[in-house]
Amino acid sequence: MKYDFNEIEAKWQKFWAENQTFKAENNSDKPKYYVLDMFPYPSGAGLHVGHPLGYIASDIYARFKRHQGFNVLHPQGYDSFGLPAEQYAIQTGQHPAITTETNIKRYREQLDKIGFSFDWSREVRTSDPAYYKWTQWIFIQLFNSWYNEDTDKSEDISTLTTRFENEGNKTVNASCDADTPEFTAEEWKAFSSEEQQRILLKYRLTYLAETEVNWCPALGTVLANDEIVNGVSERGGHPVIRKKMTQWSMRITAFSERLLQGLETIDWPEPLKESQRNWIGKSVGASVKFKIDGHDEWIEVFTTRPDTIFGASFMTLAPEHDFVAKITTAEQKEEVEAYVEATAKRSERERMADVKTISGAFTGAYAIHPFSGKKVPIWIGDYVLASYGTGAVMAVPCGDQRDYDFAKHYNIEIPNIFDGVDISEEAFADKENTRIGNSDFLNGLGYKEAVKKAIEELEKIGQGKGKVNYRLRDAVFSRQRYWGEPFPVYYVNGLPQMIDAAHLPLELPEVEKYLPTETGEPPLGNAELWAWDSENNRVVANEKIDHKTVFPLELNTMPGWAGSSYYFNRYMDAANKDEIFSEEAIDYWKQVDLYIGGSEHATGHLLYARFWQKFLFDKGIVPVDEFAKKLINQGMILGTSAIVYRISGTNKYVSKNLKDDYEVEELRVDVNMVNASDEIKIEDLKNWQPQFSDAEFILEDGKYIVGREIEKMSKRWFNVVNPDDICEDYGADTLRLYEMFLGPLEQAKPWNTAGITGVFSFLKKLWKLYHNGDGFNVSDAEPSKDSLKTLHKTIKKVTEDIDNFSFNTSVSSFMIAVNELTAQKCNSRAILEPLAIVISPYAPHIAEELWQKLGHTTSVAYAPFPVFEKKHLVESNKEYPVSFNGKMRFKIELPLDFGKEEVEKAVLADERTQNQLQGREPKKVIVVHGRIVNIVG
RNA sequence: GCUCGAGUGGCGGAAUUGGUAGACGCGCUGGAUUCAAAAUCCAGUUCUUUCGGGAGUGUGGGUUCGAUUCCCACCUCGAGUACCA
């Protein structure tokens with residue numbers, strides 16, 4: 001009987017869908033387990049064979065957990081807001097919602113063909129108003145919250161206003177904007193309502209602020225750093241300038257320390273955690289205030305080396321620093337202004353790329369050293385970044401290489417404050433071996449003591465204190481796009497007001513064009529129905545705006561990461577119309593137990609999602625403050641491109657191993673035409689593209705052999721392999737097994753369809769094991785000892801492999817098991833029934849079919865996983881490998897109950913031992929019981 | 001530059017607490033079956049060899065009876081990050 005995978009797979013996919021086999025219940029006596037994939041952006045290109053890798057792994061895990069008796073939540077959805085649909089809309093006028101719907105359909109078909117055990121009843125789409133209602137809702141919660149650094153928690157904004165009324169803000173320890181003014185309770189009460197609102201914005205967890213952005217006038221939009229290449233836009237090559245814009249931001253910096261500490265509590269890959277740590281960028285040091293000579297102003301700097309304060313011989317401000325204009329003297333004005341203008345023209349990336357060139361300008365002003373009272377010149381230089389610390393540094397040229405280079409370049413004094421160190425060539429930055437000298441009260445101290453002492457002294461004179469600084473910046477949350485979540489915000493006298501949560505969702509309006517308006521406003525500026533009637537709580541036409549009851553709505557939309565920052569929680573109760581999720585659901589599922597996805601989201605999605613989770617935790621909305629206990633990064637699947645060699649200037653193509661005799665150009669051709677021996681059929685090539693139809697070919701051994709190159713899977717390299725095609729030709733079970741068989745989950749590895757025949761013939765052999773000629777053939781005969789041994793070593797191995805996420809080695813052990821059972825001519829139910837369950841997480845369709853044929857009427861998906869029994873693996877003999885000086889030379893079979901002496905005696909008595917020794921006396925014989933014998937001599 | 005990861009046959013890879021290096025699969029070689037091909041099955045396949053053996057996991061050292069595995073130095077490749085005070 002033939003293994004008809006197409007029929008079998010269609011049958012079971014239908015069965016699972018009709019019976020809702022994988023629907024998870026929100027209340028169950030079973031222990032819960034939540035397996036999550038990073039949901040895809042449904043692109044127009046569809047899935048290639050690399051996309052489902054992580055999904056297959058998580059599906060195997062989810063199925064395994066079901067066999068182990070867990071109530072498994074394994075949902076899937078779509079991150080369906082995004083740029084490509086919008087770009088397509090701009091080009092064609094097609095509404096992004098339509099494109100998105102089409103793409104989702106295609107994705108769903110492709111996913112269904114692979115046989116995933118998703119609970120589709122919980123599907124979410126970030127672009128669905130029923131979903132983004134809750135994205136908007138969370139935004140409102142953030143707006144209505146502030147961060148109390150005393151309790152280290154987000155709190156409702158009302159607790160802040162109460163404190164302002166009672167004590168002003170001097171005593172309030174909060175995360176807030178740097179330019180927040182101080183006020184007393186009386187002053188607060190005297191402020192107008194508008195003034196109060198303006199101040200509260202400086203405290204809210206999402207707030208409006210002037211942010212410097214990369215503005216591309218030609219595209220009418222803000223670009224991310226990686227959308228800019230060499231100072232011009234990647235798309236179209238238009239100039240990009242730095243521009244200040246009022247944008248929504250998220251006060252993620254309030255959570256810096258918790259985001260850092262939380263990493264210790266979660267089981268995520270170390271490299272991923274490391275990149276989050278770097279991104280957060282904690283440094284411990286001190287903030288120091290320098291008085292500016294002749295001004296009332298103080299310059300505040302952050303330093304990690306307060307111990308070197310006596311080495312500070314100048315200050316450097318970022319060119320953008322607020323003080324620059326104020327303190328620059330008349331003589332220096334021209335030079336400074338020219339320098340500031342020159343730096344403003346350069347993009348941040350340009351500035352960062354050009355590290356070698358030293359540039360700066362002297363402001364003519366001086367700061368007073370807090371201890372020595374000496375006047376130190378104040379410079380500006382673009383090596384100081386406005387966005388880090390205070391945008392100012394105390395320059396210690398003897399201890400910091402950049403300060404050193406700057407000082408050398410401009411002939412600034414380089415005082416040496418290190419005992420016994422030569423600084424004539426370079427700065428000395430070795431903390432371990434630091435011994436401070438020439439520094440008044442710090443003389444003779446090492447790094448640690450000197451830091452402590454310096455901070456103490458700074459505090460005494462009120463000019464500094466210990467401080468922790470983070471590199472992490474608040475996250476800009478506005479996008480000048482159409483296809484994203486609208487902000488639930490309208491403006492009264494320029495001040496943002498939240499739409500009441502009861503009136504959400506605020507749905508995206510229709511627009512004529514998806515481009516920015518002529519006046520440079522975001523695409524929503526094109527909408528005609530985009531005003532808020534605050535009396536009737538609904539969207540009305542723009543012409544009704546009277547600024548009394550009808551107000552303009554926000555024109556920006558939210559970024560891609562908004563919808564993905566909490567979707568894992570929404571899955572728990574995805575259809576809930578009244579709440580983001582029920583308390584019952586979140587208390588049961590709590591958090592994701594296993595999250596699988598790409599490492600490219602390390603510092604984007606995965607950091608923002610942790611931030612929102614901590615916020616929701618503070619608000620009591622979720623019960624745990626980390627959303628995913630364990631995370632695994634799947635590696636990228638690369639393509640194996642096929643290359644043909646055209647002889648230069650001709651239409652002749654030469655086979656790979658003959659190409660060195662000619663001058664050739666490499667051309668990539670469709671990999672799907674190449675067979676396992678790297679041979680391509682000339683006919684296929686001729687039919688593939690017209691340029692080959694009348695080409696000539698120089699063959700080797702009558703074949704055309706292509707060259708191969710491993711590179712990213714991409715249409716332009718013609719190396720994309722489609723999972724549908726694989727399912728069509730070999731079946732989903734083969735695809736699933738082969739994806740796993742390729743190598744370790746976390747590693748990048750090349751795809752080559754050639755190797756797939758190995759797992760395909762394995763499945764055919766597995767099928768044969770249960771069949772005899774035309775019929776199903778499983779007997780109730782007692783299994784042989786060997787078969788039991790094969791089964792149980794497979795159970796053991798596969799269980800361990802799944803626990804270790806080592807799915808590739810499981811596939812090998814299935815192959816070994818089937819090879820052995822075939823050789824043993826095993827057709828015993830006692831073996832073949834458990835075997836079907838063991839294989840079912842990997843190859844669920846064939847397992848279901850065999851399970852049914854074995855006489856079962858319910859899905860194999862919930863059959864208990866076979867339990868490993870040690871007794872079947874117990875041996876009485878061991879084939880000892882005998883090594884000489886660590887090299888294995890021969891094997892000898894001995895009873896396992898032989899003791900060390902008996903083993904040694906038996907080995908030494910063997911003639912092969914004497915052969916090896918050739919008359920030498922063995923110096924030492926090591927016997928490791930049950931493992932190995934090693935003879936030294 | 002810094003951080004992290006990885007180097008094993010022609011290829012993907014295995015060896016999970018230091019104990020038989022190359023499991024499993026692809027490809028390749030030979031054979032069976034076939035008019036032939038596909039499919040299937042069997043045998044072989046790290047290199048080298050005077051057929052006794054010898055060498056061998058990026059390179060060089062070290063620890064050990066024994067190292068792909070642990071330590072030190074270096075080389076190569078990949079990923080992330082970048083004037084972070």
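Naming: A, B, ... by sequence-line order, numbering from 1 per chain. Because the structure is a prediction, the values reported are computed rather than measured.
Judged by Watson-Crick or G-U wobble contacts below 3.5 Å, the nucleotide B/rG5 has B/rC77 as its partner. The pairing partner recorded for B/rU57 is none, the criterion being a Watson-Crick or G-U wobble arrangement whose two distances lie under 3.5 angstrom. Both distances falling under 3.5 Å, in either a Watson-Crick or a G-U wobble arrangement, occur for no nucleotide opposite B/rA14. Under the Watson-Crick or G-U wobble criterion, with both distances below 3.5 Å, B/rG30 is paired with B/rC42.
Phosphate proximity of B/rG25 to A/Asn819: present, with a side-chain N or O under 4.0 Å from OP1 or OP2. A/Asn278 has no side-chain polar atom (N or O) that falls below the 4.0 Å cut-off from OP1 or OP2 of B/rA82. The phosphate of B/rG13 has OP1 or OP2 within less than 4.0 Å of a side-chain N or O from A/Gln747. Regarding contacts with the backbone of B/rU40, a side-chain N or O of A/Lys764 is found under 4.0 angstrom from either OP1 or OP2. Checking the phosphate oxygens (OP1, OP2) of B/rA79, no side-chain nitrogen or oxygen of A/Ser599 falls inside 4.0 Å. Not one side-chain nitrogen or oxygen of A/Arg708 sits closer than 4.0 Å to the OP1 or OP2 atom of B/rG10. Under 4.0 angstrom from either OP1 or OP2 of B/rC28 there lies at least one side-chain N or O belonging to A/Ser677. OP1 and OP2 of B/rG52 both lie 4.0 Å or more from every side-chain N or O belonging to A/Arg889. Close to B/rC65, at under 4.0 Å from its OP1 or OP2, lies a side-chain N or O of A/Lys924.
Rounded to a whole Å, the NZ atom of A/Lys656 is 11 Å from the C1' atom of B/rC11. For A/Phe760 and B/rC26, the CZ to P distance is 13 Å, given to the nearest whole Å. Look at CG on A/Leu385: it is 9 Å from C1' on B/rA85, rounded to the nearest Å.
A/Lys765 comes within contact range of the sugar-phosphate backbone alone, with a heavy-atom separation under 4.0 Å but no base atom that close. Across all strands, A/Asn804 comes closer than 4.0 Å to base atoms (heavy-atom distances). In this structure, A/Val928 reaches the bases: a heavy-atom distance under 4.0 Å links it to at least one base atom across the strands shown. Contact annotation for A/Asp803: no contact, since no heavy-atom pair falls under 4.0 Å across all strands.
Shown are A/Tyr3, A/Phe5, A/Phe760; of these, the ring-ring contact (aromatic ring centres under 6.0 Å, His included) with A/Trp767 is made only by A/Tyr3.
Distance from the side chain of A/Asn934 is smallest for B/rG66 among the nucleotides B/rG25, B/rC84, B/rG66. Of the candidates B/rC26, B/rA85, B/rG56, the closest approach to any side-chain atom of A/Lys887 belongs to B/rG56.
Contact annotation: the side chain of A/Ile414 never approaches that of A/Ser313 to less than 4.5 Å [non-hydrogen atoms, C-beta and beyond].
Summarising the local packing, NZ of A/Lys703 is surrounded by 12 or fewer heavy atoms from other residues, nucleotides or ligands at distances under 6.0 Å.
Distance check on atom P: B/rU29 versus B/rA55 gives 32 Å, rounded to whole Å.
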